[in-house]
Amino acid sequence: MTATIIDGKAFAGRVRDRVGAHVARLKEEHGITPGLAVVLVGDDPASDVYVRSKGKMTKAVGMLSLEYRLKADVAQDEVLRLVGDLNANPEVHGILVQLPLPRHMEESRILAAIDPAKDVDGFHISNVGLLSTGQRAMVPCTPLGCLMMLRDHHGDLTGMDAVVIGRSNIVGKPMAQLLLGESCTVTIAHSRTRNLPEVVRRADIVVAAVGRPKMVTGDWIKPGATVIDVGINRTDNGLVGDVDFDSASQVAGAITPVPGGVGPMTIACLLANTVTACCRANGLAEPDGLTV
Ligand code: NAD
């Protein structure tokens with residue numbers, strides 16, 4: 001069997017088109033421009049690339065893009081003050097503080113200072129709680145993108161066996177909550193899981209979010225399963241995922257490539273979350289299919 005490739009790049013383009021169309025309607029019918037503020041502390045080169053690319057795409061869909069770059073040694077209180085100003089700014093509907101933060105900052109304190117209604121990363125404890133109790137939340141972008149692709153490929157996910165490998169707060173755990181919300185039977189596997197290949201072989205849906213190049217091989221995959229590869233690993237041979245694409249794609253029914261799978265969906269979902277936050281803030285109907 002050779003798997004269907006789930007083209008995240010093309011899918012992300014369609015999501016951005018839908019966001020752009022909704023932004024145009026908000027401007028035309030209500031005179032509102034959704035705004036996204038991104039805060040970058042320090043000069044981590046990878047974060048710099050992400051922030052630039054977020055700003056570019058935010059503008060490309062017609063939204064207001066605000067960028068705040070602070071020195072690595074800035075006092076934490078200054079970052080908290082900036083977040084407070086952005087919370088109060090009516091032009092800003094989404095706030096993202098780029099992680100990781102410099103060591104002297106308490107990440108949890110800064111994330112907790114963001115107004116949950118503007119928390120387009122979905123990392124605020126209120127949004128974590130809302131998601132885990134099945135209520136309307138701001139949903140973390142990467143798992144949201146994975147779910148959109150799964151829904152698009154399968155339609156109804158009810159009753160499917162899903163294994164999420166990785167239990168991080170930003171990918172693994174929210175991914176598991178989302179799949180539970182779709183009535184999947186969900187297993188979260190992690191570094192201490194016993195007989196991992198055996199656990200993964202039970203899955204109709206595998207989401208790999210580990211950070212280990214090509215760890216999941218074809219012999220771990222149930223024939224016909226759908227494999228979503230979140231991993232981004234830089235190797236001497238370029239970017240690779242957590243899944244060994246060559247062997248897994250011989251067994252899976254569908255698979256996301258790296259690059260060109262989950263990655264492009266993450267920024268598209270950030271834009272989707274910003275437009276959703278803007279609609280909620282203004283009591284307007286949310287665009288269809290851009291959130292859960
Ligand atoms: P993390 O380091 O916070 O978490 C990794 C998880 O993997 C942990 O829960 C750990 O228990 C588990 N793990 C580690 N070794 C394991 C093993 N041998 N067997 C089973 N489980 C193991 O990482 P994260 O932030 O969740 O990111 C995971 C991967 O996804 C990374 O490669 C990261 O770069 C990538 N990522 C991609 C996007 C995207 O936009 N595509 C977004 C976020 C993260």
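When a ligand or atom number is given, it counts from 1 through the structure's own listing order. Counting from 1, the numbers follow the sequence of the chain as shown.
- With a 4.0 Å cut-off on non-hydrogen atoms, Arg192 does not touch ligand 1 at all.
- Note on ligand 1: Ala189 sits outside its first shell, no heavy atom being nearer than 4.0 Å.
- In terms of polar-atom proximity, Asp242 is not counted as a contact of ligand 1, lacking any N or O under 3.5 Å from an N or O of the ligand.
- Nearest non-hydrogen protein atom to atom 24 (P) of ligand 1 is Ser168 OG, 3.7 Å.
- Within ligand 1, the atoms closer than 4.0 Å to a non-hydrogen atom of Val171 are 26 (O), 43 (C), 44 (C), numbered from 1 in the order shown.
- At a 4.0 Å heavy-atom cut-off, ligand 1 touches Thr142 through the side chain alone.
- Listed for the Asp242 side chain is no donor-acceptor partner under 3.5 Å among the backbone atoms of Lys214.
- Scanning Val230, Thr256, Asn169 for the heavy atom closest to atom 36 (N) of ligand 1 points to Val230.
- Ionic pairing of Glu78 and Lys71 is not present here: no N-O contact between side-chain nitrogen and carboxylate oxygen is shorter than 4.0 angstrom.
- Heavy-atom proximity to Met215, at under 4.0 Å, picks out these atoms of ligand 1: 17 (C), 18 (N), 19 (N).
- The backbone N or O of Ala254 lies less than 3.5 Å from no partner atom in the side chain of Thr4, so there is not a single donor-acceptor pair.
- At least one donor-acceptor pair closer than 3.5 Å links the side chain of Asn127 to the backbone N or O of Met138.
- A donor-acceptor pair is defined here as one N or O able to donate and one able to accept, closer than 3.5 Å; such a pair exists between the side chain of Lys118 and the backbone of Val92.
- Using a 4.0 Å heavy-atom cutoff, Gly172 is absent from the residues neighbouring ligand 1.
- Here the protein heavy atom with the shortest distance to atom 15 (N) of ligand 1 is Arg212 NE, 3.0 Å.
- Panel note: side chain Asn87, backbone Ala113; a donor-acceptor pair is recorded below 3.5 Å.
- Atoms CD1 and OG1, on Ile205 and Thr185 in that order, are 10.0 Å from each other to the nearest 0.5 Å.
- Ranking protein heavy atoms by distance to atom 14 (C) of ligand 1, first place goes to Val210 CG1, 3.6 Å.
- Nearest residue to atom 10 (C) of ligand 1 from Ser191, Ala46, Pro259 is Ser191 (criterion: closest heavy atom).
- Between Asp85 and Arg81 there is no salt bridge, since no side-chain nitrogen of the basic residue lies less than 4.0 Å from a carboxylate oxygen of the acidic one.
- Looking at Thr266 against ligand 1, only its side chain comes within 4.0 Å, counting heavy atoms.
- Closest protein heavy atom to atom 9 (O) of ligand 1: Arg167 N, 2.7 Å.
- With Leu40 as reference, Gln98 is the one residue of Gln98, Lys54, Arg52, Glu67 to meet the side-chain contact (heavy atoms from CB on, under 4.5 Å) rule.
- Proximity of a side-chain donor or acceptor of Thr193 to a complementary backbone N or O of Leu196 within less than 3.5 Å is not detected.
- A side-chain donor-acceptor contact under 3.5 Å links Thr256 to the backbone of Asp229.
- Heavy atoms of Met265 found under 4.0 angstrom from ligand 1: none, in either backbone or side chain.
- Not a single heavy atom of Thr193 sits closer than 4.0 Å to an atom of ligand 1.
- On a distance-only criterion, Ile232 and ligand 1 share at least one N/O pair closer than 3.5 Å.
- No donor-acceptor pair closer than 3.5 Å links the side chain of Glu286 to the backbone N or O of Arg280.
- Put simply, the side chain of Asn195 never gets that close to the backbone of Glu198: no donor and acceptor are under 3.5 Å apart.
- In summary, the atoms of ligand 1 found under 4.0 Å from a heavy atom of Leu196, numbered by their order in the structure, are 19 (N), 20 (C).
- Given atom 29 (C) of ligand 1, the protein heavy atom at minimum distance is Gly211 N, 3.7 Å.
- Each of the atoms 41 (N) of ligand 1 lies under 4.0 Å from some heavy atom of Val262.
- The ligand atoms of ligand 1 that sit less than 4.0 angstrom from a heavy atom of Ile170 are 25 (O).
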